[in-house]
Number of protein chains: 2
Amino acid sequence: MTSVEEPARPGGRIRDAVRTQAEILDVATQEFARAGFAGARVDEIAARTRTTKRMIYYYFGGKEQLFTAVLERAYAVIREAEQGLDVEHLDPVAAIRRLAEVTFDHHEQHPDFIRLVSIENIHEAVHIAASEKLGKISSPALDVIRRILEQGQKSGLFTADVDAVDLHAMISAFCFFRVANRHTFGALFGRDLIDPAQREHYRAMLGDMVIAYLTAERAAD
Amino acid sequence: MTSVEEPARPGGRIRDAVRTQAEILDVATQEFARAGFAGARVDEIAARTRTTKRMIYYYFGGKEQLFTAVLERAYAVIREAEQGLDVEHLDPVAAIRRLAEVTFDHHEQHPDFIRLVSIENIHEAVHIAASEKLGKISSPALDVIRRILEQGQKSGLFTADVDAVDLHAMISAFCFFRVANRHTFGALFGRDLIDPAQREHYRAMLGDMVIAYLTAERAAD
DNA sequence: TAGCTAACGTACTAGTTCGTACATTAGTGT
DNA sequence: ACACTAATGTACGAACTAGTACGTTAGCTA
């Protein structure tokens, strides 16, 4: 994240293509996450940067492409978090827990990312489909899961042959829902899933759930 | 759902307040689910009904209140499904499985509901908060979960003292994610979570996950 | 059958919003 | 010092969009 707060140089126009683009992306992320794609206002984004609307079109081409760029950057962040995952030295159970916690922590710390993904789903992922950066590269977490699963299954710790993508979905579902549906869930059931006091409770619950699933005695079928 | 296809009576104007309102709600549900709150067009909704925009304002007051009415009706449907739940005769494990399956089936069969809830979360649940119908009544599923949990814990089948709301969140998370994030997940990982051929697979996975969690040997803490 | 009102239609407007034509300048290479 | 281009700013317009003023009519009731 590039800070928007910097010494404003009055009078003299500063030229910094990289910073200008980063600033637009920062503000656009907030604005899209706040109001959705259609609800976001290009004028509002421009007003909250130190540059003008003209530059948004100059650098990104249009509202649609700007949203795509915002998405690309948001996904880059979580991939980075997953990349930093170092679980080779852990036993499978601990490794899976660690992996789940990384997703848990990332989602909690990046509610804007969650919102952007929700919004992108409303639009049936057309921007991801149109993006060259996204789509191609699959999540680093998947490779990690694959290795841990293999290890766990070989050692007999993990009972069933679970698919890596499915396990990733299971973990993501829990973490995503907690952030994405915070408001409706809170309004309907009077419980704030993001309450800091309950953070460790839900973090443990996720780990317990996944481990229980992986190590349960499976009925022969 | 009221069918929009009916014998159009040319010339003679038909007056039916109930049907007009239902038709507006049907079309509005589709339109809001399609494009989000800001992306939805009141003119488009009007055009796809047999009535006019004037009637939307006549009956609902405005776009915002129309969305609230749409939400209210969508929540009524799932509550009805939960109400029909009859699990008193089942053992706790089967009962929990059945309960999870009802949520699984409902969410799969009502992608528009999922979208509306996602959209409502983007808007921080302001419409639920503003609604008198919603908010007050809590989910019937919760009462069912409470009873099953109590039964399961007394009999020693269920190991830990799990909270009913938390369990509901766990089940909802899985079912909701599968539908809500179908598109981004599919685009990124090349797997369609809604593929009919995989339906039973995921349905079983959900049940296995929840039961494994509930019956796992919990480490003393 | 007269009259009353809920139900409905038409036409319009005020304000918004994405996008662009045109003008300008900072900074770099030579 | 000069010229060239990437980067930037201003001002504007065409299209859209939520909402409404005003007029009409179906159908019930007394």
Side-chain angles (χ1 to χ4, degrees), chain A residues 2 4 6-28 30-32 34-70 119 123 126-127 130, chain B residues 2 4 6-28 30-32 34-70 119 123 126-127 130:
Chain A
T2 307
V4 180
E6 261 171 46
R9 204 169 308 174
R13 186 156 67 182
I14 315 143
R15 320 189 72 158
D16 189 336
V18 177
R19 205 217 49 189
T20 298
Q21 288 176 59
E23 196 174 321
I24 291 172
L25 283 177
D26 282 344
V27 176
Q30 293 170 30
E31 174 70 1
F32 280 126
R34 181 186 69 79
F37 178 77
R41 299 293 164 238
V42 177
D43 281 303
E44 177 65 22
I45 294 170
R48 282 165 51 201
T49 60
R50 266 168 304 180
T51 184
T52 62
K53 185 165 55 158
R54 176 72 185 74
M55 298 317 293
I56 294 175
Y57 288 89
Y58 181 69
Y59 282 122
F60 298 97
K63 192 182 181 181
E64 208 96 28
Q65 295 103 302
L66 176 60
F67 184 76
T68 303
V70 164
I119 291 161
H123 298 284
V126 289
H127 304 96
Chain B
T2 307
V4 180
E6 261 170 45
R9 204 169 307 175
R13 185 158 67 182
I14 316 143
R15 320 188 70 156
D16 190 337
V18 176
R19 205 218 49 190
T20 300
Q21 289 175 59
E23 197 176 320
I24 291 172
L25 282 177
D26 282 345
V27 177
Q30 292 170 32
E31 174 68 2
F32 280 125
R34 181 187 69 79
F37 178 77
R41 298 290 164 239
V42 177
D43 282 303
E44 178 64 23
I45 294 170
R48 283 166 51 199
T49 60
R50 268 168 305 181
T51 185
T52 63
K53 185 164 58 157
R54 174 72 185 76
M55 297 317 292
I56 293 174
Y57 288 89
Y58 182 68
Y59 283 122
F60 297 97
K63 192 182 181 183
E64 208 95 30
Q65 295 102 303
L66 176 61
F67 184 76
T68 303
V70 164
I119 291 161
H123 298 284
V126 290
H127 304 96

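Because only heavy atoms are used, hydrogens play no part in the values below, and waters and symmetry mates are left out as well, while side chains stay in.
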*Asks:* Is there a donor-acceptor contact under 3.5 Å from the side chain of B:R41 to the main chain of B:A38?
*Replies:* yes

*Asks:* For A:V70 versus A:A28, what's the shortest heavy-atom pair and its separation?
*Replies:*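 Heavy atoms of A:V70 and A:A28 come nearest at CG2-CB, 3.7 Å.
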
*Asks:* Once you round it to whole Å, what is the distance between P of C:dG19 and CZ of A:R41?
*Replies:*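 Those two atoms, CZ and P, are 12 Å apart.
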
*Asks:* Take atom CG of A:D43 and atom C1' of D:dG9, then tell me their distance rounded to the nearest Å.
*Replies:* 14 Å

*Asks:* Taking CZ from A:R50 and C1' from C:dA26, how many angstroms apart are they, rounded to a whole number?
*Replies:* 17 Å

*Asks:* Identify which nucleotide among C:dC18, D:dT17, D:dG9 has an atom closest to any side-chain atom of A:M55, counting heavy atoms from C-beta outward.
*Replies:*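 For A:M55, the side-chain atoms sit closest to D:dG9.
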
*Asks:* For the pair made of CZ in B:R19 and C1' in C:dA6, what is the distance, rounded to whole Å?
*Replies:* 16 Å

*Asks:* Pick base, sugar-phosphate or nothing for B:A40, based on heavy-atom distances below 4.0 Å to the nucleic acid.
*Replies:* sugar-phosphate

*Asks:* Might you point out which heavy atoms bring A:K63 and A:Y57 nearest each other, and give the distance in Å?
*Replies:*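 Closest heavy-atom pair between A:K63 and A:Y57: N-CE2, 4.5 Å.
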
*Asks:* What distance do B:I24 atom CD1 and B:T52 atom OG1 have between them, rounded to the nearest 0.5 Å?
*Replies:*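 Rounded to the nearest 0.5 Å, the CD1-OG1 separation comes out at 8.0 Å.
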
*Asks:* Does C:dA7 have OP1 or OP2 under 4.0 Å away from a side-chain N or O of B:Y58?
*Replies:* yes

*Asks:* Using a cut-off of less than 4.0 Å, is there contact between a side-chain N or O of B:R15 and OP1 or OP2 of D:dG27?
*Replies:*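 No, because none of the side-chain N or O atoms of B:R15 sits under 4.0 Å from OP1 or OP2 of D:dG27.
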
*Asks:* Of all the choices, C:dT20, D:dA7, D:dT17, which nucleotide is nearest to the side chain of A:Y57 once you look at every atom?
*Replies:* C:dT20

*Asks:* Using whole Å, what does the distance between atom C1' of nucleotide D:dA18 and atom CD1 of B:I56 come to?
*Replies:* 11 Å

*Asks:* List for me each residue that meets salt bridge (Lys or Arg N to Asp or Glu O under 4.0 Å) alongside A:D43, sequence neighbours excluded, and say none if there are none.
*Replies:* A:K53

*Asks:* Indicate whether OP1 or OP2 belonging to C:dC8 is found under 4.0 Å from a side-chain N or O atom of B:Y59.
*Replies:*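 Yes.
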
*Asks:* On DNA chain C, check which nucleotide each of B:D16 and B:K53 is closest to and give me the residue with the more 5' one.
*Replies:*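 The 5'-side residue here is B:D16.
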
*Asks:* Taking OP1 and OP2 of C:dC8, is either one under 4.0 Å from a side-chain nitrogen or oxygen of B:T20?
*Replies:* yes

*Asks:* Return the value, rounded to whole Å, for the distance between atom NZ of B:K63 and atom C1' of D:dT20.
*Replies:* 17 Å

*Asks:* Write down the distance between CZ (A:F60) and P (C:dC18), rounded to a whole number of angstrom.
*Replies:*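 In whole Å, C:dC18 P lies 16 Å from A:F60 CZ.
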
*Asks:* Tell me: CZ of A:R54 to C1' of C:dC18, nearest whole Å?
*Replies:* 14 Å

*Asks:* OP1 or OP2 of D:dA7 less than 4.0 angstrom from a side-chain nitrogen or oxygen of A:T51, does that happen here?
*Replies:*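 Checking A:T51 against D:dA7: no side-chain N or O falls below 4.0 Å of OP1 or OP2.
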
